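Have a look at the structure below, then the notes.
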Amino acid sequence: MTTTTSAANTSIATPDQIRTNFPALNRRHAGHPVAYFDGPGGTQVPRQVTEAISDYLLNHNANTHWTYPTSAETDAIITAGRAALADFLNATPDEIAFGANMTTLTFHLARGLGRAWGPGDEVVITELDHHANVAPWTRIAAERGATIRVVKMIPETGQLDYADLERAITPRTKLLAMGAASNALGTINDLKRGAALAHAVGALFFVDAVHYAPHELVDVRDLGCDFLCCSAYKFYGPHIGILYGRHDLLGAVDFPKLIPAPDTAPEIAETGTQNHEGIAGATAAVDFLANLAPGANRRARLEASFANLHARGIELVTQLWQGLASINGVRLFGPEPHLPRTPTVSFTLDGINSTDLSRRLADHGLFASNGDFYAKTVIDRLAVGPHGLLRAGCACYATADEVQRLITAVKEIANKK
Ligand SMILES: Cc1ncc(COP(=O)(O)O)c(C=O)c1O
């Protein structure tokens, strides 16, 4: 069902080879080829993913657990999806649950975990996080009378204040919710430090890996997280969310559920009929990434592929950062390129708000988002005003030429303001 890029199985795919998989890259706008810098909001999708989605809907569509072929095929597609995402996260298939998106899954998990919390219990969140890793926890804490502690970010560097994190974790902490990477600034957080601090007091460690997963290969075992969410539409897949839960924990969460529905992991975490075509597409997205490099098995191919994407990401982010830094009036936010970060750069340009800047860049065929990206507290702390930041993210199909086009366009806009 899932197609693969065979050329990639013997050597690391070049940027040009990668790009041939994405029909969207043929788009032109205002006389220019479109360069998509909006990956942090959602990446473009390779043909293999759309083929897997339509193959499911056209040839295997059914509900689960019945005796006839299309139902059995649907069961097999879901099983294959759990196996693919387990490889992607270094988990086991029974630790992988699917859902609408990260936000919905996190609200669901928070409700299940929070039922056991009460006054005196504490939950630790951070200022650097997307609000999908804030509201689920503040909401359930308010309902249960638990206390929320918020770890500060350092506006000058875009990093977490780890001294403040250490102060926030106490024997009363029930859960630490931390982002793996900031979708607003690209900052990669020290997750192992978070895991160690949380586990030292017997707290659970939840990780939002939505912005991290497209750029760095997640390893739930190595990171030491108990729960983790990511979203396939940020790593070349369809709009579907993934929840990892350590197996002994996932099955024990008091999720709201229907009496006849399974009460064991991972299905216990899933509500109602799943997005079967989305699961098929998510599998294809994992296979697409794995097939960009050779290796003995899918996890090994993912490791090689992400090592290559990581190296290219550093080159591109360095080029982008240095190019933008040389332009009068550009103010860059977040960690410098030599620090742990994703290839996502956010900035403002004096004299033009980020909405108008985004519009002007689109006239050059450069699609880049602006605003608060729901990382609202980050934007408030940076005090950059209602139009927020202009965010340019380098996905696997980004090239040095496209980055140069972006730098040149910002320079031109800065000169003409
Ligand atoms: C870091 C981060 N966390 C969470 C989310 C929310 O993900 P979803 O759209 O799957 O609910 C996003 C989406 O932009 C994100 O970037």
Side-chain angles (χ1 to χ4, degrees), residues 36-45 85 88-89 96-111 125-139 151 153 158-160 176-189 191 194 205-216 218 223 225 227-244 269-271 274-275 278-279 281-282 285 333-335 340-346 367-379 381 388-395:
Y36 296 91
F37 287 101
D38 60 343
T43 50
Q44 299 308 311
V45 173
L85 269 300
F88 189 62
L89 302 177
I96 302 295
F98 293 102
N101 47 51
M102 177 276 181
T103 305
T104 308
L105 283 166
T106 306
F107 269 113
H108 193 52
L109 177 68
R111 177 146 301 277
I125 59 174
T126 91
E127 287 187 341
L128 198 53
D129 271 87
H130 186 288
H131 274 223
N133 201 17
V134 171
W137 309 114
T138 53
R139 171 78 185 241
V151 177
M153 64 172 276
Q159 292 171 316
L160 269 186
L176 166 62
M178 195 164 152
S182 159
N183 65 315
L185 303 178
T187 322
I188 290 182
N189 292 326
L191 294 178
F205 184 43
F206 172 85
V207 173
D208 168 6
V210 171
H211 183 63
Y212 182 90
H215 303 291
E216 302 290 332
V218 175
L223 297 175
C225 48
F227 297 98
L228 175 142
C229 272
C230 58
S231 287
Y233 75 96
K234 309 281 192 182
F235 57 84
Y236 317 107
H239 294 91
I240 187 169
I242 296 113
L243 166 67
Y244 155 82
E270 297 173 336
T271 45
Q274 292 303 297
N275 178 351
I279 294 172
F333 297 87
R341 60 156 25 265
T342 65
T344 295
V345 174
S346 290
F367 291 4
S369 331
N370 79 289
D372 64 27
F373 320 108
Y374 282 19
K376 170 112 183 48
T377 314
V378 175
I379 302 308
R381 289 298 315 276
L389 301 168
L390 194 293
R391 178 179 69 178
C394 301

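Everything quoted here is computed from the prediction, not taken from an experiment. Counting convention: from 1, in listed order, for ligands and their atoms alike.
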- Message: Working to the nearest 0.5 angstrom, can you tell me the gap between L89 CG and L228 CG?
- Response: 6.0 Å

- Message: Does the plane of the ring in Y36 sit parallel, tilted or perpendicular to the ring in F367? Use 30° and 60° as the thresholds.
- Response: perpendicular

- Message: Strictly under 4.0 angstrom, heavy-atom based: which residues surround ligand 1?
- Response: N101, M102, T103, H130, A132, N183, D208, V210, H211, S231, Y233, K234

- Task: Would you please say whether a donor-acceptor pair under 3.5 Å links the side chains of H131 and T103?
- Result: no

- Message: Under a 3.5 Å cutoff, is there a donor and acceptor pairing between the side chains of H211 and T344?
- Response: yes

- Please name the residue in the list N189, T377, N133, N183 that meets the side chain to side chain contact (heavy atoms under 4.5 Å, CB included) test with L128. N189

- Message: Applying side chain to side chain contact (heavy atoms under 4.5 Å, CB included) to F206 and L176, what does each step give before you reach the verdict?
- Response: CA-CA 6 Å; F206 172 85; L176 166 62; over 6 Å; no

